[in-house]
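Computed from a predicted structure; not experimentally measured.
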Protein chains: 2
Amino acid sequence: MSAVGIRQVAEHAGVSPGTVSNVLNRPEKVSASTRARVEAAIRELGFVRHASASTLRAGHSKTIGLSVIDIGNPFFTDVTAGVEDLASDRGYAVLLSNSAGSRSKEERNLLVLAEQRVRGVLITPSDESPDSLDRLRDRGINVVLVDHPAHRPDQCSVAVNDIVGGQTAVSHLLSGGASRIAYVTGPLTIRQCMDRRLGAERALRGRPLRTVEMPTMNPRAGQQAAEKLLSEGDLPDAVFCANDLLALGMLRGLMHAGVRVPDDIALIGYDDIDFAAASAVSLTSIRQPTYQLGRVAAELLLDECDNPGTHAHQQIMFQPELIVRESTR
Amino acid sequence: MSAVGIRQVAEHAGVSPGTVSNVLNRPEKVSASTRARVEAAIRELGFVRHASASTLRAGHSKTIGLSVIDIGNPFFTDVTAGVEDLASDRGYAVLLSNSAGSRSKEERNLLVLAEQRVRGVLITPSDESPDSLDRLRDRGINVVLVDHPAHRPDQCSVAVNDIVGGQTAVSHLLSGGASRIAYVTGPLTIRQCMDRRLGAERALRGRPLRTVEMPTMNPRAGQQAAEKLLSEGDLPDAVFCANDLLALGMLRGLMHAGVRVPDDIALIGYDDIDFAAASAVSLTSIRQPTYQLGRVAAELLLDECDNPGTHAHQQIMFQPELIVRESTR
DNA sequence: GGGGAGTTCTAAAACGTTTCAACGCAGATT
DNA sequence: AATCTGCGTTGAAACGTTTTAGAACTCCCC
């Protein structure tokens with residue numbers, strides 16, 4: 001098997017194992033000539049470092065974990081891309097785990113990450129889950145919250161202001177002449193859904209907001225919400241969906257029933273995923289700096305890992321941006 | 001820090017470290033009473049096993065790698081779900097890595113997986129890349145190809161017949177009365193794109209197939225392809241897109257130009273992603289058993305890992321299925 | 001009460017790296 | 001010529017598990 005370790009490399013290059021290790025980890029400490037010799041040996045023997053042994057002895061790995069709620073949602077895919085790019089710049093590997101909306105799966109994934117002794121974890125928590133994260137931190141695993149503001153000052157987080165986002169969305173609908181507005185959302189236990197509604201209500205200043213709460217946030221649920229709205233009668237003249245997947249389903253449901261968008265009902269989504277611009281009636285949406293979100297989160301985490309002394313915890317809050325397209329014209 | 005290891009647990013429970021290890025790995029070898037005592041100690045101390053130490057000593061990990069081409073494509077998301085479900089059933093963790101279409105990123109990811117000493121790798125190769133995979137196998141890392149038939153009998157693979165898929169798609173268009181058909185595809189160096197074209201040509205029996213080759217396979221590229229078709233004049237009466245992302249972009253591009261789908265041009269995609277059913281003109285597509293693909297691939301891999309003696313290599317080929325929707329009615 | 005067969009547990013040796021004190025050796029400084 | 005400095009290298013200990021041979025017990029039968 002892979003019987004070629006640092007030891008064999010050392011022998012082949014005529015140096016001690018310690019020197020090979022130095023070539024690997026602190027090449028500047030080794031003279032150019034021996035370094036070249038060792039590197040040649042590594043190449044010739046096809047040596048691949050044993051990460052477990054390295055982690056075991058060094059006490060830490062060059063790995064971070066990323067736990068997302070739904071890898072099927074393009075929003076998280078973009079976040080992931082940002083994280084991976086920055087991590088690989090810095091020489092870290094990313095362990096990606098998907099909780100698929102299940103609390104228990106999230107717990108299990110975090111346990112795996114803890115067993116792997118990752119250096120830190122980026123997580124979009126599925127709900128307020130302080131205990132399991134605190135347990136990680138107790139073990140010396142740094143944690144940065146993604147798309148979720150930290151409540152504590154000793155915790156980094158990167159988020160986007162969802163209240164402002166909700167407010168912007170509904171203000172836009174109002175300025176387009178809408179007056180009877182519906183909010184189609186996922187579970188209101190999800191902070192993002194709740195905050196976006198808060199923002200919507202703020203824009204409405206006391207006028208009523210009809211809320212349709214669905215258990216999931218995919219196109220199917222959006223279409224069902226459309227059917228529900230249609231069957232209940234008393235149609236709204238504008239619909240605000242808590243994400244674009246819901247909005248795309250809503251769009252399809254409305255068009256199927258012969259409702260014209262935006263003429264009969266204006267429609268706005270959230271996240272500005274790629275498909276939002278590509279749908280037949282292109283979707284007005286609230287854009288978030290998704291890729292940046294991941295990238296900055298990773299930056300904070302790796303700073304915390306690499307410079308534990310000087311690291312200053314930050315709670316970063318981005319602002320969302322209105323993207324107007326056909327569905328509200 | 002995490003100063004609590006197997007040793008502390010042993011002390012706390014009044015047994016030897018070896019016994020704790022047995023409780024963890026071969027609980028049936030330990031008497032019920034001591035097992036209970038050890039398990040209590042584990043819980044009380046909050047012990048988390050150090051995966052690196054375990055891997056180092058045992059010589060293998062409970063981890064497999066999954067390397068996909070584009071995690072942003074819902075097709076791969078579904079495959080991933082299948083893999084993760086089966087792996088976690090079997091007590092394995094999955095290291096997910098995304099090559100984002102880049103050959104060098106794929107290489108780098110495979111190196112990371114090799115360093116982690118994963119038990120095996122599931123990979124959708126970005127092209128015919130025998131060398132790096134052979135190197136993995138030389139190291140004792142099992143490899144199963146996903147969505148790519150193996151050319152060698154000593155290699156497992158799971159794929160879907162793309163030639164049949166292409167043939168089915170174009171036959172369907174022909175039976176709908178189309179005669180001038182265009183094929184919009186990603187790079188023809190990608191086996192899937194090439195095979196689907198082969199199938200299309202087979203259905204055409206020598207009649208010409210106009211091919212538009214784009215460098216990427218996302219909605220943006222699809223829309224550009226539409227613009228290209230429109231600007232070149234001499235419109236086809238049906239378009240077959242090599243995947244649904246291209247088809248959705250094509251749909252939008254056509255509608256924007258006032259072309260009616262399916263009345264002026266019929267349109268068919270490939271993969272049957274969720275968004276295909278949810279688009280404004282719902283998309284006829286070729287469905288693949290995506291989730292199954294991942295699940296069966298994982299099953300083959302873990303069988304190879306856990307029963308190296310009795311394992312029989314298999315090349316499994318699924319058949320695709322035509323899903324008719326509005327875009328070809 | 002001696003001895004074989006099970007059962008349950010222990011002790012110590014690995015696994016492949018990293019780390020660190022110590023060493024040798026060149027050139028610079030007294 | 002003796003001493004100091006600093007660089008480059010070495011050797012061995014350590015990281016936290018798993019694994020193996022075998023020790024310690026219990027039970028049972030002659």
Side-chain angles (χ1 to χ4, degrees), chain A residues 1-39 41-42 45-63 91 112 114-119 139-140, chain B residues 1-39 41-42 45-63 91 112 114-119 139-140:
Chain A
M1 290 299 183
S2 93
V4 41
I6 219 178
R7 210 181 185 79
Q8 283 71 33
V9 173
E11 204 169 320
H12 192 265
V15 296
S16 81
T19 301
V20 177
S21 175
N22 280 335
V23 170
L24 258 33
N25 302 306
R26 297 188 278 296
E28 75 283 0
K29 296 266 165 203
V30 180
S31 74
S33 68
T34 45
R35 196 195 323 163
R37 209 143 30 93
V38 170
E39 281 165 350
I42 288 178
L45 299 181
F47 165 80
V48 173
R49 151 217 245 112
H50 198 309
S52 295
S54 167
T55 297
L56 173 59
R57 172 59 234 228
H60 59 254
S61 63
K62 276 291 207 181
T63 307
V112 170
E115 288 185 342
Q116 299 287 341
R117 295 300 191 269
V118 294
R119 202 66 181 284
R139 291 220 170 63
Chain B
M1 291 297 187
S2 95
V4 41
I6 219 179
R7 209 182 186 79
Q8 285 71 34
V9 172
E11 204 169 320
H12 192 266
V15 296
S16 79
T19 302
V20 177
S21 174
N22 279 335
V23 170
L24 257 33
N25 302 305
R26 296 189 279 297
E28 75 283 359
K29 296 268 165 201
V30 179
S31 75
S33 68
T34 45
R35 197 195 322 161
R37 209 146 26 95
V38 170
E39 280 166 350
I42 287 178
L45 298 182
F47 165 79
V48 173
R49 155 219 242 109
H50 197 309
S52 295
S54 167
T55 298
L56 174 58
R57 172 59 233 228
H60 56 80
S61 63
K62 276 291 208 180
T63 308
V112 171
E115 288 186 341
Q116 298 288 340
R117 296 301 193 270
V118 294
R119 202 67 180 284
R139 290 220 169 64

- Query: Using a cut-off of less than 4.0 Å, is there contact between a side-chain N or O of A:Ser31 and OP1 or OP2 of D:dT9?
  - Reply: yes
- Query: Of B:Leu56 and B:Val30, whose closest DNA chain C nucleotide lies nearer the 5' terminus?
  - Reply: B:Val30
- Item | C:dG16 phosphate, OP1 or OP2, under 4.0 Å from A:Ser52 side-chain N/O | no
- Query: Just how far, in rounded Å, is P of C:dT7 from CZ of B:Arg35?
  - Reply: 15 Å
- Task: Grab the CG-C1' distance between A:Leu24 and C:dT19 for me, whole Å please.
- Result: 14 Å
- Task: Considering just the side-chain nitrogens and oxygens of A:Thr19, establish if one lies under 4.0 Å of OP1 or OP2 belonging to D:dT10.
- Result: yes
- Query: Rounded to the Å, how far apart are A:Lys62 NZ and C:dT17 P?
  - Reply: 18 Å
- Message: Nearest to the B:Arg26 side chain among D:dT20, D:dT10, C:dT19, which nucleotide is it?
- Response: D:dT20
- Query: How long is the line joining CD of B:Glu28 and C1' of C:dC9, in whole Å?
  - Reply: 15 Å
- Could you tell me whether a side-chain N or O of B:Ser61 sits under 3.5 Å from a main-chain N or O of B:Arg117, the two making a donor and an acceptor? yes
- Message: Please classify the nucleic acid contact of B:Gly18 as base, sugar-phosphate, or nothing, using heavy-atom distances under 4.0 Å.
- Response: base
- Query: Which atom names give the shortest non-hydrogen contact between B:Ala13 and B:Ala41, and what distance separates them?
  - Reply: CB-CB, 3.9 Å
- Message: Counting only side-chain nitrogens and oxygens, does B:Ser54 get under 4.0 Å of the OP1 or OP2 atom of D:dT18?
- Response: yes
- Message: Quick check on DNA chain C: between B:Gly14 and B:Ala58, whose nearest nucleotide comes earlier from the 5' end?
- Response: B:Gly14
- Message: So, applying side chain to side chain contact (heavy atoms under 4.5 Å, CB included) with B:Val38, which one of B:Val20, B:Asn22, B:Leu24 is it?
- Response: B:Val20
- Query: NZ of B:Lys29 versus P of D:dT20: gap in Å, rounded?
  - Reply: 12 Å
- Quick one: A:Ile6 CD1 to C:dC15 P, roughly how many Å, whole number? 15 Å
- Given atom NE2 of B:His60 and atom C1' of D:dT18, what is their separation to the nearest angstrom? 9 Å
- Taking only the side-chain nitrogens and oxygens of A:Arg117, find out if one of them lies under 4.0 Å from OP1 or OP2 of D:dC15. no
- Message: Check the phosphate of D:dA13 against A:Arg57, side-chain N and O only, distance under 4.0 Å to OP1 or OP2. Yes or no?
- Response: no
- Shortest side-chain distance from A:Val15, nucleotide among D:dG16, D:dT10, D:dT19: D:dT10
- Rounded to whole angstroms, how far apart are CG on A:Asn22 and C1' on C:dT18? 9 Å
- Task: Using atom types as modelled and distance alone, determine if a side-chain donor or acceptor of A:Arg35 lies under 3.5 Å from a backbone N or O of A:Val23.
- Result: no
- What pair of heavy atoms forms the shortest contact from B:Phe47 to B:Val4, and how long is it? CD1-O, 3.6 Å
- Query: Does the side chain of B:Thr55 get closer than 4.0 angstrom to OP1 or OP2 of D:dT17 through an N or O atom?
  - Reply: no
